[in-house]
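What you see below is based on every heavy atom in this structure, not just the backbone, and it leaves out hydrogens, waters and symmetry mates.
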Amino acid sequence: MAWLVEQLVAVLAVEDLGVVSALRPADAEPVQLVEWSLGWEERLRAAVGEEPEESHARCSACGERSLRWDAGLGAFVCSTCGGHVSEVAERGLVVDEVGA
């Protein structure tokens, strides 16, 4: 599992990739790779009862890549500026950054 999560960042950096699934209607648009990957990351973490530890997204307040998960707050906290980013907002930051 840890290896998959480590590789996720490199995969998400590839632009214009989509995922076609047999579970979706044949005429449906491909799901963007970023959204697909983040969805599976969430499912895998839930399956093993693991909370996210850190994010490679940039902090929306200061722009640094120093977001760490704080289970007590239920949000990412920037170790540089102390800003808080929700898990949903963090996914949005990742999607926005890779241009999906």
If you look only at distance, which donor and acceptor atoms sit under 3.5 Å apart when one is on a side chain in residues 79-86 and the other is two or more places apart or in another chain?
from : atom 1 : to  : atom 2 : distance (Å)
S79  : OG     : S66 : O      : 3.3
T80  : OG1    : S66 : OG     : 2.8
S86  : OG     : A89 : N      : 3.0

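Each salt bridge (charged side-chain N to carboxylate O under 4.0 Å, His left out) pair with one or both residues in residues 69-82, not counting sequence neighbours, would appear here, but there are none. Legend: salt bridge (charged side-chain N to carboxylate O under 4.0 Å, His left out) pairs involving residues 71-86, not counting sequence neighbours: none detected.
None of S60, C59, S55 except one satisfies the side chain to side chain contact (heavy atoms under 4.5 Å, CB included) rule with C78; the exception is C59.
The neighbour count for E54 CD, taken as heavy atoms of other residues, nucleotides or ligands under 6.0 Å away, is above 12.
R58 and G63 get closest at one heavy-atom pair: NH1-O, 3.0 Å. When all heavy atoms of A57 and L67 are compared, the closest pair comes out as O-CD1, 3.7 Å. What you find for W69 and E87 is that their closest heavy atoms are CH2-OE1, 3.8 Å.
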